[in-house]
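Notes for the one structure printed next.
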There are 2 protein chains.
Amino acid sequence: MSLKIVSPESLGQALRAERKKKGLTQKSVGTSVGIEQHTISKIENGNPGAELGTLFRVLAALDLELVVLPRIKPMDKSKGDVW
Amino acid sequence: MSLKIVSPESLGQALRAERKKKGLTQKSVGTSVGIEQHTISKIENGNPGAELGTLFRVLAALDLELVVLPRIKPMDKSKGDVW
DNA sequence: TTGATTTATATCTTTGAGAGTATAAAATAT
DNA sequence: ATATTTTATACTCTCAAAGATATAAATCAA
């Protein structure tokens with residue numbers, strides 16, 4: 001269901017969740033696209049220095065794609081917002 | 001409308017489109033989140049070595065977020081697929 | 001067309017990523 | 001509980017990102 005991804009940390013969480021959902025290991029994912037297991041580990045743990053090239057290889061391995069959306073201001077019901 | 005983003009190139013295109021939609025310059029975007037103009041230029045031009053930290057700063061500057069989705073297999077009408 | 005703004009390139013420096021390899025720690029299975 | 005698998009860390013090496021600064025090239029406006 002892919003919640004808001006706004007940081008290397010939340011991205012890492014999403015990637016790990018998708019990988020587990022598919023029953024894959026960091027090693028198998030890495031091997032399928034030529035990336036070391038330790039690199040996958042670091043990305044999933046929120047490494048902000050990870051490279052875009054690496055990210056997209058992981059996405060390819062998991063058969064995922066990205067979408068860019070306007071940030072959704074999380075509604076605060078106490079403020080009486082109506083959506 | 002944010003098409004499939006599956007590479008540093010397509011990501012760069014999306015970022016550039018969103019920035020222009022908001023009428024901002026690479027410099028203003030960079031300044032707002034502490035990134036050099038030339039760095040924004042490289043990301044928009046598909047630099048695969050760009051860092052995730054940099055990407056999310058740009059997204060913050062543009063008030064955008066990411067979503068991870070399963071890759072949509074582009075339908076081939078000639079194959080008689082029905083969706 | 002000219003002048004100004006915006007974007008692309010370039011150099012030098014510092015810093016860290018990822019490959020390759022190894023191993024420790026944690027999680028899973030038997 | 002113990003063996004096995006998976007994930008996290010560590011170290012060296014090479015390479016390039018981004019900062020800082022400058023300038024060329026392209027785009028836009030008067």
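Numbers restart at 1 for each chain; the letters A, B, ... are given by sequence-line order, proteins then strands.
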With sequence neighbours excluded, tell me which residues meet side-chain contact (heavy atoms from CB on, under 4.5 Å) with [X].
{"X": "E65(B)", "value": "K4(A), V6(A), L69(A), R71(A), I72(A)"}
{"X": "S28(A)", "value": "L24(A), T25(A)"}
{"X": "T31(B)", "value": "K27(B)"}

Using atom types as modelled, flag every donor-acceptor pair under 3.5 Å from a side chain in residues 50-58 of chain A to any protein atom, sequence neighbours excluded.
{"from": "R57(A)", "atom 1": "NH1", "to": "V33(A)", "atom 2": "O", "distance (Å)": "2.9"}
{"from": "R57(A)", "atom 1": "NH1", "to": "G34(A)", "atom 2": "O", "distance (Å)": "3.4"}

Out of curiosity, L15(A) CG to N45(A) CG, how far, rounded to the nearest 0.5 Å?
11.0 Å
Spacing of CD1 belonging to I5(B) relative to CG belonging to L64(A), to within rounding of 0.5 Å:
13.5 Å
Among all residues two or more places apart in sequence or in another chain, which pass the side-chain hydrogen bond (donor to acceptor under 3.5 Å, both in side chains) test with E36(A)?
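E36(A) satisfies side-chain hydrogen bond (donor to acceptor under 3.5 Å, both in side chains) with no other residue.
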Just to verify, what does E9(B) make a side-chain hydrogen bond (donor to acceptor under 3.5 Å, both in side chains) with, not counting sequence neighbours?
S7(B)
side-chain contact (heavy atoms from CB on, under 4.5 Å), paired with Q26(B), selected from I35(B), I43(B), T39(B), I40(B)
I40(B)
Partner set under salt bridge (Lys or Arg N to Asp or Glu O under 4.0 Å) for R16(B), not counting sequence neighbours:
E44(B)
Does R16(B) put a side-chain nitrogen or oxygen below 4.0 Å from OP1 or OP2 of dA8(C)?
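True: R16(B) side-chain N/O within range (under 4.0 Å) of dA8(C) OP1/OP2.
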Once base and sugar-phosphate atoms are separated, protein heavy atoms under 4.0 Å mark nucleotides 23-30 of chain D, 5' to 3', with B, S and - as --------
Rounded to whole angstroms, how far apart are CD1 on I40(A) and P on dA8(D)?
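Result: 11 Å.
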Grab the two heavy atoms, one from G46(B) and one from P8(B), that are nearest each other, plus how far apart they are.
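What the structure gives for the nearest pair is O-CB, 3.3 Å.
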Grab the two heavy atoms, one from A61(A) and one from V29(A), that are nearest each other, plus how far apart they are.
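Looking at all heavy atoms of both residues, the closest pair is CB-CG1, 3.7 Å.
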If you define the side chain from C-beta out and look only at heavy atoms, does anything of V68(B) sit under 4.5 Å from L66(A)?
yes
Angle between the end axes of the helix from dT1(C)-dA30(D) to dT30(C)-dA1(D), five pairs per end, to the nearest 10 degrees?
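What I find for the helix from dT1(C)-dA30(D) to dT30(C)-dA1(D) is an axis angle of 70°.
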Protein N or O to nucleotides 18-20 of chain D N or O, pairs below 3.5 Å:
{"from": "dA18(D)", "atom 1": "OP1", "to": "E51(B)", "atom 2": "N", "distance (Å)": "2.8"}
{"from": "dA18(D)", "atom 1": "OP1", "to": "T54(B)", "atom 2": "OG1", "distance (Å)": "3.0"}
{"from": "dG19(D)", "atom 1": "OP1", "to": "G34(B)", "atom 2": "O", "distance (Å)": "3.4"}
{"from": "dG19(D)", "atom 1": "OP2", "to": "E36(B)", "atom 2": "N", "distance (Å)": "3.3"}
{"from": "dG19(D)", "atom 1": "OP2", "to": "T39(B)", "atom 2": "OG1", "distance (Å)": "2.8"}
{"from": "dG19(D)", "atom 1": "N7", "to": "H38(B)", "atom 2": "NE2", "distance (Å)": "3.3"}
{"from": "dA20(D)", "atom 1": "OP2", "to": "E36(B)", "atom 2": "OE2", "distance (Å)": "3.1"}

Among residues 23-32 of chain A, which residues get a heavy atom nearer than 4.0 Å to DNA chain D?
T25(A), Q26(A)
